[in-house]
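Scroll down for the structure; my scribbles are underneath it.
Both ligands and their constituent atoms are indexed starting at 1 by order of listing.
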Amino acid sequence: MNAVPQERRVVTAIPGPKSQELQARRLDAVAGGVGSTLPVFTQRAGGGIIEDVDGNRLIDFGSGIAVTSVGASAEAVVRRASAQLQDFTHTCFMVTPYEGYVEVCEALAELTPGDHAKKSALFNSGAEAVENAVKIARSYTKRQAVVVFDHGYHGRTNLTMALTSKNMPYKQGFGPFAPEVYRVPVAYGYRWPTGAENCGPEAAAQAIDQISKQIGADNVAAIIIEPVLGEGGFIEPAKGFLPAIVKFANDNGIVFVADEIQSGFCRTGQWFACEDEGIVPDLITTAKGIAGGLPLAAVTGRAEIMDSVHGGGLGGTYGGNPVACAGALGAIETMKELDLNGKAKRIEEVMKARLTAMQEKFPVIGDIRGRGAMVAIELVKDPATKEPYAEAAGALAKACHAEGLLVLTCGTYGNVLRFLPPLVIGEDLLNEGLDIIENAFARI
Ligand SMILES: *Cc1c(COP(=O)(O)O)cnc(C)c1O
């Protein structure tokens, strides 16, 4: 384990004087469009703690947006990546290949759902993986249309902006967007007009009807969905929705793509969130948690789909960088050794019990949802009207930050507080973080 002591410590204002100094330099040098949730500059991080340049130690409920599931300095990640750095930093897999890339693809074939023959291609970022999933699906089906869902998030490149639902801040002013992208309803149980019980089948019927009538199933190359929607507010599609969409895709020769970039690699207490309803995607995109903080992403899928692309049609200079691959092998080793699926399930148990007790005291908590260590609360002005309460989410996040707990917000209406602790966080820190949230509610 990393040497960062696993205890919260607040010794200055947050952000402290050194962070403020760095922030002033940053404002002069870094483009204004690049934001930060909390401008506290990091000195070191590991386990469940981020230590800043002023010596404050924050409890981490963000994991750098669901990336550092194994911690930000996991022993196996650091060891393997350091050894690889000594050997060589880069050759480009498309020029002269190396074993680590192959090993990561073998691990992906083993860990992703389904026992069919699978192949993978590696990239640098989630958006790049999603772009490549679309390229592969179009090449395989010889069709063009791509179907995505309300509240979906798939990245910030041109094609993935088109696939993403929310305008501000992701799309505003950045058009024109890629064509042949169509958006249909998702089974958002908490806000479904006829209630959560009816939501799965009704939303699936609406989505399928729109695809059939507005696009034509024969024109659709791919249907892309996050099995738990991340940026959109940790929405778990109501039961029955995903299987119905998968069946429709299978019946119509459409490639079903599970975007597990946020929900994958033990985050929801399973290797992949789509396992929850026994779904076997044709293609699966991964990134974020895959490599313990090093930049790596992948598309994994049925061998015949992956191999439909002509030689040289996929790749990129850095895709599957050897240091990132070594990091991924270290992260996967850690996930297995420490049973991080079990840890994620335990985090869910602790969090949901505490949050449910809070909901009884604070009716502003309209909904508690998510799976594993991907848990969120949706805040509303009145539980009867469910009017989104974004100001409360912002104020609560700020109050938590001041006490040394890093939390993130999300959601189409900006009214969701999301909790994504590293899966290796100690239970004492987890409970201390929840105490801070409870106190923040009491004060607001
Ligand atoms: C973060 C994310 C992406 C984009 O990944 P980047 O590495 O930021 O490009 C795509 N899809 C989902 C579901 C994500 O959470």
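- The shortest contact between atom 6 (P) of ligand 1 and any protein heavy atom is with Gly126 N, 3.4 Å.
- For the side chain to side chain contact (heavy atoms under 4.5 Å, CB included) with Trp271, the qualifying choice from Leu340, Asn341, Thr286 is Asn341, the only one to do so.
- Counting only heavy atoms of the protein, atom 11 (N) of ligand 1 lies nearest to Asp259 OD2, 2.8 Å.
- Screening Val407, Leu406, Ile347 against Pro421 for a side chain to side chain contact (heavy atoms under 4.5 Å, CB included) leaves a single residue, Ile347.
- Residues meeting the salt bridge (charged side-chain N to carboxylate O under 4.0 Å, His left out) test with Asp28, sequence neighbours left out: none.
- Annotation: atom 9 (O) of ligand 1 to nearest protein heavy atom, Ala127 N, 2.8 Å.
- Under the ring-ring contact (aromatic ring centres under 6.0 Å, His included) criterion, Phe234 pairs with no residue, sequence neighbours left out.
- Judged purely by atom type and a 3.5 angstrom limit, Asn158 uses its side chain to pair as donor or acceptor with the backbone of Ala178.
- The distance from ligand 1 to the heavy atoms of Glu226 drops below 4.0 Å at these ligand atoms: 13 (C).
- For atom 1 (C) of ligand 1, the nearest non-hydrogen atom from the set Arg156, Lys288, Glu128, Glu231 belongs to Lys288.
- Residue Ser125 approaches ligand 1 through these ligand atoms, each under 4.0 Å from one of its heavy atoms: 7 (O), 9 (O).
- Between Gln262 and ligand 1, a contact under 3.5 Å exists for at least one N or O pair.
- Note on Glu180 versus Arg138: no salt bridge recorded, every NZ/NE/NH1/NH2 to OD/OE distance being 4.0 Å or above.
- Atoms of ligand 1 found under 4.0 Å from any heavy atom of Tyr153, numbered from 1 in the order shown, are 1 (C), 2 (C), 3 (C), 11 (N), 12 (C), 13 (C), 14 (C).
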